[in-house]
Amino acid sequence: MSIGTRRTVNRSSDAAARAGALTVWAGRSTVVIGVAHLVYFALKTRPHWGGWAGAVLHGRTAIDDPANAVSLSGFWSLPGSFAVPLILLGLLVSRMARTGQELPGYLAWTLAAWVLLCALVLEPSGFPLGIVPVTLLLLGRRHRGSATRTAPGTAGASG
């Protein structure tokens, strides 16, 4: 530090920046989880792709046929899975954070409930990885909340 210079610390903007960074990383980690899911199950279900393209699962009879059980399971693991919506959610979360938009509180809590429920029901699975973006979202909300509480001119400031 040079003589005569002073760094002014704006705690509310620091907290807001931390909140934004945590939320961006929550979105990015959500995208990574979705892409990893797609890659893993693309490799695992590749033998069934021809059947799916050939309409092997069309109709109620085909779906109920025990001979198609493995193909149907593969369908729900790849194109019918949560991976694509999860990637889109991650991209949306990252964009909202980069543009300074606040995410609704129910997003983190609902995602947390879903991840924990699925992790309890299906073990082993990749669902525990969802704890990473959930934690980042909750920490981001906490930092954003501290930024609004310490910002000058906000409610609760004595004056």
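More than 12 heavy atoms of other shown residues, nucleotides or ligands fall within 6.0 angstrom of atom CZ in F82.
In terms of heavy atoms, A19 sits closest to G140 at CB-O, 3.2 Å. The heavy-atom pair separating A62 from N68 by the smallest distance is O-ND2, 2.9 Å. Of all heavy-atom pairs between L78 and A42, the closest is CD1-N, 3.6 Å. When every heavy atom of P104 is checked against every heavy atom of R141, the shortest pair comes out as C-NH1, 3.9 Å.
Looking at L88 and L92, their side chains never come closer than 4.5 Å, going by heavy atoms from C-beta outward. With contacts defined as side-chain heavy-atom distances shorter than 4.5 Å, the pair D65/L72 does not qualify. Inter-residue side-chain proximity for T30 and V93 is flagged as unmet; no heavy-atom pair is nearer than 4.5 Å. H37 places none of its side-chain heavy atoms less than 4.5 Å from the side chain of L86.
No continuous path of hydrophobic side-chain contacts links V132 to V134 [ILVMFWY only; heavy atoms under 4.5 Å]. Grouping the Ile, Leu, Val, Met, Phe, Trp and Tyr side chains by contacts below 4.5 angstrom, directly or via other members, places M96 with L137. No chain of hydrophobic side-chain contacts below 4.5 Å, direct or via other Ile, Leu, Val, Met, Phe, Trp or Tyr residues, connects L38 to V32. A continuous path of Ile, Leu, Val, Met, Phe, Trp and Tyr side chains, each step under 4.5 Å between heavy atoms, connects W76 with I87, placing both in one hydrophobic cluster. Follow the hydrophobic side-chain contacts under 4.5 Å out from V84 and you reach V35 in the same cluster.
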K44 vs S77, test: side chain to side chain contact (heavy atoms under 4.5 Å, CB included). Steps then yes/no.
CA-CA 9 Å; K44 199 166 171 106; S77 297; over 6 Å; no
Side chain to side chain donor-acceptor pair (under 3.5 Å) for W49 and T45? Distances and angles first, verdict last.
CA-CA 7 Å; W49 294 3; T45 62; 3.3 Å; yes
Side chain to side chain donor-acceptor pair (under 3.5 Å) between W52 and S71, worked out
CA-CA 8 Å; W52 298 340; S71 180; 2.9 Å; yes
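Atom CD of Q101 sits about 12.0 Å away from atom OG1 of T23, to the nearest 0.5 Å. Here S81 contributes atom OG and F41 contributes atom CZ; the two are 8.0 Å apart, rounded to the nearest 0.5 Å.
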Could you give the side-chain donor-acceptor pairs of residues 106-129 under 3.5 Å, partners two or more places apart or in another chain?
| residue | atom | partner | partner atom | Å |
| --- | --- | --- | --- | --- |
| T110 | OG1 | Y106 | O | 2.7 |
| S125 | OG | L122 | O | 3.0 |
| S125 | OG | F127 | N | 3.2 |

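Salt bridge R18/D14: absent, no basic N to carboxylate O contact under 4.0 Å.
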